[in-house]
Number of protein chains: 4
Amino acid sequence: MAASDRREHLLAAAREVFAERGYFGASVADIVARADVARGTFYNHFEGKREVFAAVLGVLMTNVLSAVAPIDVNADIAPQVRANLHGITRVLAEAGEAVRILFTDAGSVDAEGEAALAAFYAHALSRVEVALATGQTMGVVRVGETRQTARCLLGCLREPVMQARLAREPLDAAALADAIFDLLRCGVLTGEAGAASVPGAALPR
Amino acid sequence: MAASDRREHLLAAAREVFAERGYFGASVADIVARADVARGTFYNHFEGKREVFAAVLGVLMTNVLSAVAPIDVNADIAPQVRANLHGITRVLAEAGEAVRILFTDAGSVDAEGEAALAAFYAHALSRVEVALATGQTMGVVRVGETRQTARCLLGCLREPVMQARLAREPLDAAALADAIFDLLRCGVLTGEAGAASVPGAALPR
Amino acid sequence: MAASDRREHLLAAAREVFAERGYFGASVADIVARADVARGTFYNHFEGKREVFAAVLGVLMTNVLSAVAPIDVNADIAPQVRANLHGITRVLAEAGEAVRILFTDAGSVDAEGEAALAAFYAHALSRVEVALATGQTMGVVRVGETRQTARCLLGCLREPVMQARLAREPLDAAALADAIFDLLRCGVLTGEAGAASVPGAALPR
Amino acid sequence: MAASDRREHLLAAAREVFAERGYFGASVADIVARADVARGTFYNHFEGKREVFAAVLGVLMTNVLSAVAPIDVNADIAPQVRANLHGITRVLAEAGEAVRILFTDAGSVDAEGEAALAAFYAHALSRVEVALATGQTMGVVRVGETRQTARCLLGCLREPVMQARLAREPLDAAALADAIFDLLRCGVLTGEAGAASVPGAALPR
DNA sequence: CATGAATGAGCTTTCATTCAT
DNA sequence: TATGAATGAAAGCTCATTCAT
């Protein structure tokens with residue numbers, strides 16, 4: 001078997017095992033048993049358990065990020081946002097159990113892993129924040145704070161996915177995307193479908 | 001020292017250590033060192049590492065749940081929702097680093113821990129769903145799917161809290177609660193502050 | 001068993017195993033089997049294989065150095081030198097097989113070990129060199145180069161000891177000490193028992 | 001490349017690697033990397049790591065032994081001894097770092113290696129002992145014990161060489177040979193340059 | 001109850017060697 | 001003969017847990 005094929009084979013096995021047992025619950029022995037290779041073979045292709053986890057994680061991160069298309073500001077915004085939401089939820093649904101690697105384990109491996117995850121989220125969130133700010137300038141996003149809102153939107157993606165996994169129910173990517181879109185449309189998009197008043201000012205506190 | 005004090009003392013030490021290092025990064029040695037007691041003493045009060053973690057987690061879950069007051073349907077709904085949001089975010093902010101125990105580690109310990117977490121979330125989410133359904137009946141919540149929406153709302157709480165932790169920035173509980181409330185008000189609450197049209201029907205799909 | 005007794009017990013076992021198999025041939029499993037304790041017990045008392053080796057080596061170095069008494073320059077020099085030679089060879093003979101730890105393994109463990117050994121020898125050799133220089137001033141040591149000579153004297157101790165071990169013959173400490181002393185007396189000590197002429201000048205080169 | 005050239009090439013690479021890292025610190029991977037050949041090629045030319053080490057060691061042993069010329073009993077003894085000393089130290093100086101292979105690693109590989117080394121030394125030492133005994137018969141060597149003395153002489157060669165390496169200073173072969181020769185001349189050679197009295201009898205014990 | 005030394009299963013990793021190409 | 005991916009035995013080490021004091 002060619003070296004890169006073997007590496008992919010091991011990567012797939014590792015992904016399965018990490019998805020099933022988590023980073024700490026998975027042993028290199030589990031991975032090589034799943035891949036049906038000898039222990040040493042694993043170490044011919046990866047530096048160790050830590051590195052293969054990073055590689056698996058990297059694939060997941062790339063998949064997610066590549067599911068988001070840039071917004072064309074000259075076209076209708078809402079359909080593009082909706083398409084992106086569908087794209088991401090579809091990727092997450094395709095990842096199946098492996099989403100736990102990205103959403104649960106990545107943050108609990110070690111300090112370095114936490115830093116890598118922080119960098120990933122910082123990147124993703126800044127894209128969302130920029131999009132929100134741009135939308136505000138264009139008048140398609142209601143004015144207001146963007147940082148917490150961006151994080152909330154991320155949570156709207158992450159949480160339903162993880163909850164579906166916890167509840168052992170299949171993830172309906174389309175339904176989730178629509179639910180989030182509805183939240184967005186009636187919540188952050190202005191215009192005929194949006195809110196008439198400035199949020200945070202209408203109610204006495 | 002009385003037995004129950006000793007237990008509380010160990011529990012506090014365990015909470016600190018788990019918050020700093022995570023479940024797998026924390027050792028019983030760390031906990032007893034933090035509590036300044038002998039190893040054996042630990043096992044006089046807890047069955048083991050697994051159980052003390054469950055106890056720490058239980059306290060956190062109870063704190064969060066107890067921060068939510070029942071909605072009085074005869075009074076204004078919105079201010080009550082807002083108060084509850086402020087209550088939860090305040091509790092989470094007070095938990096500080098320990099939120100990682102609830103939001104990150106709890107789901108990666110083992111299958112049993114995952115089941116416990118699933119039960120906790122099932123409980124919490126069902127309360128939100130019931131509230132949403134009640135609100136729909138009362139006409140204060142827009143009609144539509146409730147399950148994914150409830151999960152999204154949970155994500156709106158969890159994610160900003162965890163992102164603040166990852167970014168090593170202090171959590172501004174009030175600002176977060178307001179941001180979520182704005183999302184709610186313009187997104188899921190109907191009436192004068194909400195959207196005029198039925199979500200999901202306005203845009204061609 | 002008291003902690004320090006256990007440590008001594010393990011140290012003795014380690015010394016035996018290292019003496020028999022050498023640093024790399026010895027495994028921690030061998031040591032704990034010899035000491036008849038569990039693996040973990042070993043790690044309660046030593047940081048690891050490397051450290052227990054250093055501890056064993058430290059004992060040997062201390063034993064050797066403490067076998068050498070300072071020379072009293074107001075008394076006869078020769079008998080004191082002779083007594084020191086007997087002291088060292090006796091210590092080395094008592095060490096038995098363990099001399100290989102000091103004379104063979106210490107230098108091949110790693111760079112750090114080599115540095116430690118270099119420091120030990122630098123210390124020991126500088127004492128010999130100072131003694132030679134002092135002797136030259138007093139007129140009891142023939143004039144000439146001291147550094148290589150000091151190293152030769154060290155070799156006169158080390159080599160016969162190691163050769164006896166290699167030949168699997170018991171080390172006759174007294175006979176060795178006398179042989180070295182004879183070499184010294186007729187070679188480096190001047191006076192009636194020494195050489196009459198200046199070395200290196202008598203023969204054409 | 002011809003088979004024997006390939007073998008020499010690997011042998012040279014192995015010698016360098018063993019000299020730098022020692023037997024246990026060196027891996028076959030290091031050797032083939034140094035020789036810039038594939039792993040399998042190594043095993044086409046040598047049975048394994050153990051054998052290539054033996055081959056490297058054999059070259060070193062041969063070099064050292066061949067540096068010693070037989071003594072012509074009809075000519076002056078002293079200059080011949082002196083020439084041999086210079087020959088050996090020159091060979092050792094030329095070996096550079098590789099002397100550690102002969103002087104340090106050879107004895108710590110395994111029981112078989114120790115036996116090989118014992119045989120080498122037994123051979124070398126018996127030549128020295130025979131020379132000493134012959135010298136005694138001829139009256140050019142002082143009477144007395146020869147075995148320990150022969151070992152001491154070996155130590156006078158080995159130790160300064162190793163100490164120079166440990167101290168990371170270049171080996172001055174000529175100076176060392178002279179120092180040893182001075183020791184010999186005033187210590188073991190009788191006659192005009194030697195000691196007047198019988199060693200071991202002059203001092204009260 | 002408090003203590004802390006002892007336990008040992010289980011982990012990650014290394015590396016000399018093999019063998020199909 | 002050259003190659004280099006695959007092999008797997010064996011190593012050092014960790015740490016949750018036990019139990020005699």
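Letters A, B, ... are given to chains in the order of the sequence lines, protein chains preceding strands, and every chain is numbered from 1. The analysis underlying the following values was restricted to heavy atoms, covering all of them including side chains, and did not include hydrogens, waters or symmetry mates.
dG4(F) atom P lies 17 Å from atom CZ of Arg6(A), rounded to whole Å. Here the C1' atom of nucleotide dT14(F) and the CZ atom of Phe42(C) are 14 Å apart, to the nearest Å. Protein atom CZ of Phe24(D) is 14 Å distant from nucleotide atom C1' of dA10(F), rounded to whole Å. Remark: P of dT18(E) and NZ of Lys49(D) are 15 Å apart, rounded to the nearest angstrom. His9(B) has its NE2 atom 16 Å from the P atom of dC1(E), to the nearest Å. Rounded to whole Å, atom P of dC15(E) lies 18 Å from atom CZ of Arg50(D). Rounded to whole angstrom, the span from the CG atom of Asp5(C) across to the P atom of dG4(E) amounts to 17 Å. Between the CD atom of Glu47(C) and the P atom of dC13(F) there is a distance of 10 Å, given to the nearest Å.
Base pairing analysis places dA2(E) opposite dT21(F); the two distances defining the Watson-Crick or G-U wobble pair are each below 3.5 Å. Shown here, dT7(E) forms a base pair with dA16(F); the pair counts as Watson-Crick or G-U wobble because both key distances fall under 3.5 Å.
Within the nucleic acid shown, Gly48(C) comes within 4.0 Å of sugar-phosphate atoms alone, with no base atom in reach, counting heavy atoms only. Within the nucleic acid shown, Ala26(D) comes within 4.0 Å of sugar-phosphate atoms alone, with no base atom in reach, counting heavy atoms only.
In this structure, the nucleotide among dT17(F), dT12(E), dG12(F) sitting nearest to the side chain of Tyr43(B) is dT17(F).
Under the 4.5 Å side-chain criterion, counting only non-hydrogen atoms from C-beta, Asp110(A) is in contact with Arg50(A). Contact annotation: the side chain of Leu65(D) approaches that of His123(D) to within less than 4.5 Å [non-hydrogen atoms, C-beta and beyond].
Ring-plane geometry between Phe18(A) and Tyr23(A) is classed as parallel, the angle between the planes falling under 30 degrees on a 0 to 90 degree scale with a further cut at 60.
No donor-acceptor contact under 3.5 Å links the side chain of Asn44(C) to the base of dA5(E). Between the side chain of Arg39(B) and the base of dT3(E) there is no donor-acceptor pair of N/O atoms closer than 3.5 Å.
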Quiz item: What's the verdict on side chain to side chain donor-acceptor pair (under 3.5 Å) for Asp105(A) and Ser108(A), showing C-alpha distance, side-chain angles and the deciding distance?
Solution: CA-CA 5 Å; Asp105(A) 295 293; Ser108(A) 52; 4.6 Å; no

Quiz item: Can you check side chain to side chain donor-acceptor pair (under 3.5 Å) on Thr41(D) and Asn44(D), steps first, answer last?
Solution: CA-CA 5 Å; Thr41(D) 304; Asn44(D) 284 337; 4.9 Å; no

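Taking the nucleotide of DNA chain E with the nearest heavy atom to each of Val28(D) and Ala38(B), the more 5' of the two is matched to Ala38(B). Both Val37(D) and Ala29(C) lie close to DNA chain F; mapped to their nearest nucleotides by heavy-atom distance, the more 5′-ward contact belongs to Val37(D). Looking at which nucleotide of DNA chain E each of Ser27(A) and Ala2(C) is closest to, the 5′-most match is held by Ala2(C).
Considering only side-chain N and O atoms, His45(B) lies under 4.0 angstrom from the phosphate OP1 or OP2 of dA2(E). Note on Thr41(D): a side-chain N or O is less than 4.0 Å away from OP1 or OP2 of dT3(F).
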